[in-house]
Amino acid sequence: MNKQEGVAKADWSKRGLKSFLNEWMILFLFIFLFLISSLSSAKFRTTENIMNILRQASFISIIALGEFFVILIGNMDMSVTSIIGMTSIYFAGMVVNAGVPVFWAMVIVILLAIAVGIINGALTVYGKMPSFIATLTVMNILKGIYFIYSRGLPISGLPDSFNFLGAGYIGFVPFPVILMLIVAIALHVFSQHTELGRSFYAVGGNVEASKLSGINVKFIGILAFVLCAVLSAVGALGLTSKTLSGNVSIGENLLFDVMTIVVLGGTSLTGGRGKVFGVVIGALFLQVISNIMILMSINTYWQWVVKGIILIVVVLIDSNSSHD
Amino acid sequence: MDREKLVEVKNCTMVFPGVKALDNVDFTLLSGECHGLVGENGAGKSTLSKCIIGEYRMTEGELYIKGNPINIPSYTVRKSAEMGVAIVHQEFQLMEDMNGLENIFVGRYEKKGPLIDWKNLQKRGEELLEYLQCDVDLRVKVKHLRTAEKQIIQLAKAILDNPQVIIFDELTSVLQGEGIQNIFRIIDLLKHKGIGIIYISHRLDEIFQCCDRYTVLCDGKYINSGYVKDIDKPELVKMIIGRELKNVYPPKNDTFGELVLQVNGLSSPPAFKDVSLEVRAGEVVGISGLLGAGKTELIHAIYGNHKIAGGEIKIQGKSVKIHTPKQAVRHGLGVIPDDRRKLGLNMLFNIKDNTTLASMKQFRKWGVFQNHKREADSAYTVNKKLNLKYYSLFQLVNKLSGGNQQKVVIAKWMLRDCDIFLLDEPTRGIDIGAKFEIYSLINELAKAGKAVVLVSPELEEIIGLSNKVYVMYEGKIMDVVEGDDITQEKIIHDLLGVEEA
């Protein structure tokens, strides 16, 4: 075949079944959970319900994938909820109050998100602020700004056609699910098969060694926050589309779910370890939990308790495993 | 002279899942002696010392402390401490933001009612230092102390409970010159008080300088034990690696090419000032100096990772601006940093990903995607050349031995095909066998026409490998020694900053 001189073959066979099982633990857990749910509830295993779960998991997955890149480099973005609120309210404001075409309004809110991402990144990378504090501060500032703009009231009256983004179907598959799959596949390829993508893992694993290997670690640092902000904005547009109204409180309580999903997906909170599809499965996992609890008519507040316990268990496992 | 047996280990076997770390090892420590425990990395030195302090429980065997048989299953670090066994580690286990006094007494504060009795502690701290005959300001935050002073604080902490056995675990690996001499002086002092010392070090010269007896371990097995005065270094080396070693240093390369790297008047106060040096292709240029002479800072400044105040760097005769490591890499520089775990490797990456980290652009598919297969094949080829010992290219690097980890760092830059290699203490914490492999690697790099800058605290290494040596003292180049003039006397003379009369 292509036996060039001096090029030897690497031992691909020795990749290790054990590490594979370890990395995809969440997948097996998810399959287990799914089977148990299917067996125990007839309502659960209907196509309609499963499509519903997929659709509800789609935008939260996209948002969590943004947070994934920030956590992958060992940082944290607390401002996602505000980016979501900001996107929702300004998008609706532009379309409904100022008559901006939907497409251009989308472009503008994405640009706004990029700006916020750059601010988050710059405060962390150049300002050397702990990302937790930098983004927490940005979160509150943004919140103040869009509350001043909207006085906290929702803006409704978006065109019906915009509803397709969040509630449309292609065949029998909801459009958000297709969008989520496209985003996830693209990000998977980006993270595993491009130099830039691999650099996120390198920086998360060891900033200094990456820098000395010629990687522009500052750029990667800022890019992570920009990716997070943009994906949050995309998620926010989807959530806005479902109700056809801009709402400042649309992102509230989402941060907790986002963090849970990212960690549940096998992402290490100290950075350097995690997988795009792990995050997607994490989102599905959490959605199945919510869904089955609703079907069993358990009080919604119990969801908070259960999700909280899940996060504790997952972080405990992450913090105490040796990752060999 | 009748000496008490402080520690006696009989037929000690320690089995970890899948590995026999110690196999039927005997060891005896007498009072008032310094006993060198020697062997390569993985020979079982630290496992044995951990069995003695109760961090590990030996699988089989007997342990006696001061003649008392120890019940192994219930033996713990706390119990060993109560029986008078202490250990001082090579890594600093100090709180950088607390002062020396607090570091010594933390967890064992003396109190006056509910409050800490600082006055009394200060007095006791000073007594400890007096005992060690050292002078360190205990009121200064530890992070402001010099390395040697930090070691003194660690020692003071260790002797706080009047131990009778002290294990020195590679204590001198971070020290140089005077610092090491000071440790030897303290060892002597402790010996005279009847304390027994187990001394672990990679530097064999130190064994001959300060130990009375030695015990050699190899692959977890007991090899030999005896009086240091009865053997010489080649004999000891032979025991350690199980074979004879001739020609430690390969013959130096003597065909040089063009001037590749020129540094003119580079300054970065307070680390170094007005440093100039020249490196030709095929040349190994050593930089020697005491700790704090500015060697590491100089390497990082050339590499764009340390701010410079003035001066010029020329590569292949052209003046270049290097502000970031990325630019340095583009200009054909590669760095093997002193701390490979913190600066050289990504511990979460496997061997393949660490090897290709600096040259991912070589493996593009359709301009954007990484070709993992070609990456793996190239990583395999280069690591094969370096004789890397591993199970799989896809295993994480954190389980490799120090020597093999260092090879991966070197492989990274060989794959990138750098012209200039900046090596900062390339053999730190590496066992003897691997050291020699690194030496011949450096030699091969030079033969292949690479320019090599070598920083090392071990003078012997610098002398054995360099074609030219720059001696730094307090941030300045004191002297340049070339060819046959490279001798120990000449360099030590310069190292200590002795003015020419």
Side-chain angles (χ1 to χ4, degrees), chain A residues 1-20 22-23 72-74 186 188-220 266-268 270-274 322-324, chain B residues 300 303-305 324-330 333-337 339-350 352-354 356-361 363-365 368-381 383-385 390-396 398-399 409 412-413 416:
Chain A
M1 301 272 283
N2 57 339
K3 266 212 171 156
Q4 289 161 269
E5 207 187 334
V7 175
K9 291 288 162 219
D11 45 356
W12 283 90
S13 58
K14 292 183 186 168
R15 298 204 69 170
L17 182 66
K18 211 177 127 196
S19 70
F20 173 78
N22 251 335
E23 269 175 41
L72 188 58
I73 60 163
H188 168 77
V189 173
F190 170 72
S191 69
Q192 298 299 323
H193 300 283
T194 68
E195 181 177 0
L196 198 57
R198 294 306 293 160
S199 301
F200 281 86
Y201 287 90
V203 170
N206 189 336
V207 188
E208 288 303 316
S210 303
K211 190 164 118 194
L212 292 178
S213 297
I215 292 172
N216 189 342
V217 297
K218 288 184 172 158
F219 176 70
I220 299 291
T267 316
S268 168
T270 45
R273 193 182 290 116
S322 57
H323 296 292
D324 288 332
Chain B
H300 281 269
Y303 198 67
N305 197 32
T324 63
K326 192 176 174 163
Q327 292 168 331
V329 172
R330 222 180 273 152
L333 286 132
V335 73
I336 286 98
D339 189 337
R340 64 184 158 269
R341 295 187 75 89
K342 274 198 194 138
L343 307 174
L345 292 169
N346 185 334
M347 287 296 160
L348 302 180
F349 270 17
N350 59 32
K352 179 215 120 194
D353 286 341
N354 267 299
T356 56
L357 191 58
S359 35
M360 283 195 277
K361 278 198 181 60
F363 305 102
R364 288 276 174 80
K365 191 163 53 177
V368 262
F369 303 116
Q370 291 303 122
N371 186 335
H372 286 300
K373 213 177 113 28
R374 266 181 52 219
E375 280 189 9
D377 289 343
S378 299
Y380 177 82
T381 311
N383 283 316
K384 189 94 189 166
K385 226 183 270 172
Y390 61 96
Y391 165 70
S392 153
L393 273 181
F394 305 100
Q395 82 184 86
L396 297 184
N398 62 358
K399 283 290 165 65
V409 184
K412 173 166 73 182
W413 297 114
R416 170 88 202 184

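Side chains included, hydrogens not; waters and symmetry mates left out as well; all remaining heavy atoms used. Chain naming here is simple, since letters A, B, ... match the order of the sequence lines and numbering starts at 1 in each.
One finds the CG atom of L357(B) at 9.5 Å from the CZ atom of R198(A) (value rounded to the nearest 0.5 Å). Residue R273(A) holds its CZ atom at 4.5 Å from CG of L348(B), rounded to the nearest 0.5 Å. With values rounded to the nearest 0.5 angstrom, Y201(A) atom OH is found 10.5 Å from D353(B) atom CG. From N216(A), atom CG reaches atom CD of Q327(B) across 9.5 Å, with rounding to the nearest 0.5 Å. Between the CZ atom of R364(B) and the OG1 atom of T194(A) there is a distance of 8.0 Å, given to the nearest 0.5 Å. Going from atom NZ of K211(A) over to atom OH of Y303(B) covers 11.0 Å, rounded to the nearest 0.5 Å.
Contacts of F369(B) with chain A are made by both backbone and side-chain atoms, with heavy-atom separations under 4.5 Å. Contacts between K361(B) and chain A at a heavy-atom distance below 4.5 Å involve backbone atoms as well as side-chain atoms. Proximity to chain A (any heavy atom under 4.5 Å) is restricted, for L345(B), to the backbone atoms N, CA, C and O.
No donor-acceptor distance shorter than 3.5 angstrom exists from the side chain of H193(A) to the backbone of K365(B), with no hydrogens or angles considered.
A heavy-atom distance below 4.5 Å is not found between the side chains of V329(B) and S213(A). Within the 4.5 Å cutoff, the side chain of H300(B) has heavy atoms near those of the L212(A) side chain.
Looking at every heavy atom in both residues, G344(B) comes nearest to A209(A) through C-CB, 3.8 Å.
Highest contact tally toward chain B, considering only S199(A), G272(A), S210(A), A202(A), is held by A202(A) [criterion: heavy-atom pairs under 4.5 Å]. Highest contact tally toward chain A, considering only R330(B), K412(B), M347(B), R416(B), is held by K412(B) [criterion: heavy-atom pairs under 4.5 Å]. In terms of heavy-atom pairs under 4.5 angstrom with chain A, the leader among K326(B), Q370(B), R341(B), R340(B) is Q370(B).
When D339(B), L343(B), N346(B) are each tested for a side chain to side chain contact (heavy atoms under 4.5 Å, CB included) with E208(A), only one passes: L343(B).
Under the 3.5 Å distance criterion, with hydrogens and angles disregarded, no donor-acceptor pair is assigned to the side chains of N206(A) and K342(B).
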